[in-house]
Protein chains: 2
Amino acid sequence: MAISDRKIREKEDLKKRILEAAKALFLEKGFEATSMRNIAEKVEFSPTTLYLYYKDKNDIVFALHQEGFKLLAQQFSIVSNVEHPYERLKTMGRIYLKFAEENPDFYELMFVRQGPIIHVQKYNSDDWQEGSRTYNVLYETVIECQKEGYFKNLLPHSVSLIIWSTLHGMCTLHMHMRLDCVTFEDDYEIDPEKSRTDYIYETFISFIERLK
Amino acid sequence: MAISDRKIREKEDLKKRILEAAKALFLEKGFEATSMRNIAEKVEFSPTTLYLYYKDKNDIVFALHQEGFKLLAQQFSIVSNVEHPYERLKTMGRIYLKFAEENPDFYELMFVRQGPIIHVQKYNSDDWQEGSRTYNVLYETVIECQKEGYFKNLLPHSVSLIIWSTLHGMCTLHMHMRLDCVTFEDDYEIDPEKSRTDYIYETFISFIERLK
DNA sequence: TTTTATTTATTAACAGTGTTAAGTATATTT
DNA sequence: AAATATACTTAACACTGTTAATAAATAAAA
C-alpha cells in the first residue's frame, strides 16, 4: 500500500503547490490580476490540470480565503495573554485593523468578495465556519466584558455587531479609497508622522471608550 | 448655428441613451453581468460606438455611480424638514441604511467598487466630489449636534468617521452575506416579522444613543 | 456644384478570461 | 498481453474590454 500512499501524497502535494502558486501571485500582483492560466504557468502544468485538483476558481479562492483566516487567527493568538477582557477587546481591535492594513488582498477575500461565499453556498451547505468562528471570539469577549460590568443594558450580539461593523467599515472605506476625500486637517493638527491609519485607530479607541 | 446646436443635442441624447441602457441592465441583471456588448446591443449600436461617447467602461461606471449619488441626495432631501440636528442625524442614518438595502448595486458602485475611484484619479485629478459632498452633510450635522451639547469631548471628524464607518460596515457586511453566519437567536426573541435589517437598524439606534 | 474635410459608425481583430469535451500517453490491474 | 484506470494536454467555446483600420454620411470650402 506504500505506493498508493505515495500517489495520494503526491496528489495532495500538487494541490498544495497550486495553492502556493496562487497565493504567491495573489500577494504579488493582487487578486484581480491572478488568473487560472497564470497559476497554471507558475506550477508548470496546463490550465485544465488545475480543474482536477480544484472544482473551479472559487474553490481556489475559497482555499485562499481560508489561508487568510489562518493568518488572522495567528495574529489573534497573542491576545490570550491579555488578562482583562476589556483590554483584550481593545487589543483585538488593534490587531484587526493592523491585519487589514497589512493584508488588504486577504481582507478583501475574507470579508468583501463574494467568491468564497458562493463556494460556501454551493459546497458547504451555507455553513461559513471561518466567519462564525472568528465572530464568536469577539462575541465571547463581549460577554466576558459584560460580566465585568461593561456595555450595560446592551445585548451582546448588538455590541459585537456594532464593533465589528465599525472596524469593518473603517477598514473598507480606507482600503477602497473612500476616505481620501475627507480632509481631517480641520480637526487634528497635521502630524506628518501619523498616518491616516493611526487616526483611524485613535478614533476607534475613543469610540470604544464611549461605548463602555 | 442652430444646426450645430441640434447636432450637439443629438450627441448628448445618444450619450444619455447609452447611460439609460447601462442603468437598466445594471438594475436588472446586476453589475457583474453588464458588459459593453450588452449595453451596445440595448441601444442598437455597435460596441465600439460606445467609445465615442465614453472613454472606457469606467467612464460609464462613474456616470452610473453619479446617478446613485443623485438618488441618495434625493432621499436625503427630506431631512431638511427635521429641525433638531440630533433627530436629523438619526433620520439620516435610517435613510442611509434603507438606501443601501434597496439599492445594493448602486451602493456597491458608490462605496465599494474601485472603478469609479480609478476614473476619478485618471480624469478628475483625485477630486471625488460626490464623496466629499455627501460626507460634508454628515459632518455639518455632527457640528450642529455638538452646538446643542451632543458628542462632548469628541472631534467632529472622529464622530463623523465613526458613524459613517459603522453604517457602512453594517451595510456591506449584510450585503456581502457576512452576517448570515451570525445567529442572533440567542439574544433577540425570534420575531419572524422583523428582518435582519430591522435588527441592524435597532442596533444602530442603540449605538448612537450610547455615543451621545 | 463639385471637391475636400470632418464627423459618425462599423467590421475585424487582439489579447485576455473561466471552463469543458475529447483525446493521449502512462501506469496499474486482470 | 489485454483491459482498465489515472494523470494530463490540446483544442475549443463563449465570453470580456479595447483598438486600429475602414467605410459611410454629413458639413465646409473651392
Side-chain angles (χ1 to χ4, degrees), chain A residues 1-19 21-22 25-26 29-65 109 113-119 122-123, chain B residues 1-19 21-22 25-26 29-65 109 113-119 122-123:
Chain A
M1 294 293 170
I3 293 167
S4 64
D5 278 11
R6 196 206 67 211
K7 287 271 154 187
I8 292 167
R9 217 166 51 233
E10 279 175 3
K11 226 180 138 59
E12 281 176 0
D13 210 60
L14 182 47
K15 186 161 188 176
K16 268 181 195 164
R17 274 179 54 212
I18 291 169
L19 193 65
L25 286 169
F26 171 73
K29 315 202 300 172
F31 173 74
E32 291 287 58
T34 306
S35 73
M36 292 299 267
R37 283 175 174 83
N38 286 169
I39 302 165
E41 201 174 20
K42 188 127 189 154
V43 289
E44 294 176 300
F45 279 86
S46 85
T48 47
T49 303
L50 307 197
Y51 290 88
L52 301 171
Y53 294 87
Y54 292 91
K55 285 166 191 166
D56 50 29
K57 199 188 180 182
N58 276 344
D59 199 0
I60 296 178
V61 159
F62 176 76
L64 235 36
H65 127 289
L109 234 54
R113 293 268 163 182
Q114 61 177 348
I117 293 298
I118 285 172
H119 185 273
K122 262 193 184 169
Y123 307 108
Chain B
M1 296 293 167
I3 292 168
S4 63
D5 278 12
R6 197 206 66 213
K7 283 278 152 187
I8 292 166
R9 219 167 48 235
E10 279 176 2
K11 225 178 138 63
E12 280 176 1
D13 210 60
L14 183 47
K15 185 161 189 174
K16 269 182 194 163
R17 274 178 55 212
I18 291 168
L19 193 64
L25 286 169
F26 172 72
K29 317 200 300 173
F31 173 76
E32 291 286 58
T34 305
S35 72
M36 292 300 266
R37 283 173 175 84
N38 287 169
I39 301 165
E41 202 175 20
K42 189 129 187 152
V43 290
E44 293 176 301
F45 279 86
S46 84
T48 47
T49 303
L50 306 197
Y51 288 88
L52 301 171
Y53 295 86
Y54 292 92
K55 285 166 192 166
D56 49 30
K57 200 190 180 184
N58 277 344
D59 200 0
I60 297 179
V61 159
F62 176 75
L64 235 35
H65 128 290
L109 234 54
R113 293 269 165 183
Q114 62 177 347
I117 294 296
I118 285 172
H119 185 274
K122 262 193 185 170
Y123 306 108

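Proteins get letters first, then strands, A, B, ... in listed order; numbering begins at 1 in each. Every value quoted in this text rests on a predicted model; they were computed, and no experiment measured them.
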Next on the checklist: Just so I know, are the side chains of A/Val61 and A/Arg113 near enough to count as touching, which here means a heavy-atom distance under 4.5 Å?
Outcome noted: no
Checklist entry - How close or far is atom C1' of C/dT19 from atom NZ of A/Lys57, stated in whole angstroms? => result 12 Å
Item to check | Backbone N/O of B/Pro116 and side chain of B/His119: donor-acceptor pair under 3.5 Å | outcome: no
Next on the checklist: Rounding to an integer number of Å, can you tell me how far A/Glu32 CD sits from C/dT17 P?
Outcome noted: 12 Å
Item to check | Rounded distance in Å - NZ (B/Lys29) to C1' (D/dT16) | outcome: 13 Å
Next on the checklist: For C/dT8 and B/Thr49 - does any side-chain N or O of the residue sit under 4.0 Å from the phosphate oxygens OP1/OP2?
Outcome noted: no
Next on the checklist: Rounded to whole Å, how long is the line connecting atom OH of B/Tyr54 with atom P of D/dT19?
Outcome noted: 17 Å
Item to check | Cation over ring face, B/Lys57 and B/Phe31, 6.0 Å, 45° | outcome: yes
Next on the checklist: Can you see if the side chain of A/Tyr53 gets near the phosphate of D/dA7 - specifically, an N or O under 4.0 Å from OP1 or OP2?
Outcome noted: no
Item to check | B/Thr48 side-chain proximity, nearest of D/dT10, C/dA9, C/dT11 | outcome: C/dT11
Checklist entry - Across the strands shown, which category fits B/Tyr51 at heavy-atom distances under 4.0 angstrom: base, sugar-phosphate, nothing? => result base
Checklist outcome for this item: When rounded to whole Å, the CG to P distance for the pair A/Asp56 and C/dT20 reads 8 Å
Next on the checklist: Using a distance-only criterion (donor-acceptor N/O pair, under 3.5 Å, no hydrogens), is the base of C/dG16 paired with the side chain of A/Arg37?
Outcome noted: no
Item to check | Residue-phosphate contact under 4.0 Å: A/Ser35 side-chain N/O, C/dT17 OP1/OP2 | outcome: yes
Checklist outcome for this item: Between CG of B/Asn38 and C1' of D/dG17 the distance, given in whole Å, is 12 Å
Next on the checklist: Measure NZ/B/Lys15 against C1'/C/dA9 and give the value in whole Å, please.
Outcome noted: 17 Å
Item to check | side chain to side chain contact (heavy atoms under 4.5 Å, CB included), paired with B/Ser46, selected from B/Val43, B/Thr48, B/Leu50 | outcome: B/Thr48
Item to check | Between C1' of C/dG18 and CD1 of A/Ile118, the distance in whole Å | outcome: 14 Å
Next on the checklist: With heavy-atom distances below 4.5 Å as the criterion, would you say the side chains of A/Lys122 and A/Asn58 are in contact?
Outcome noted: no
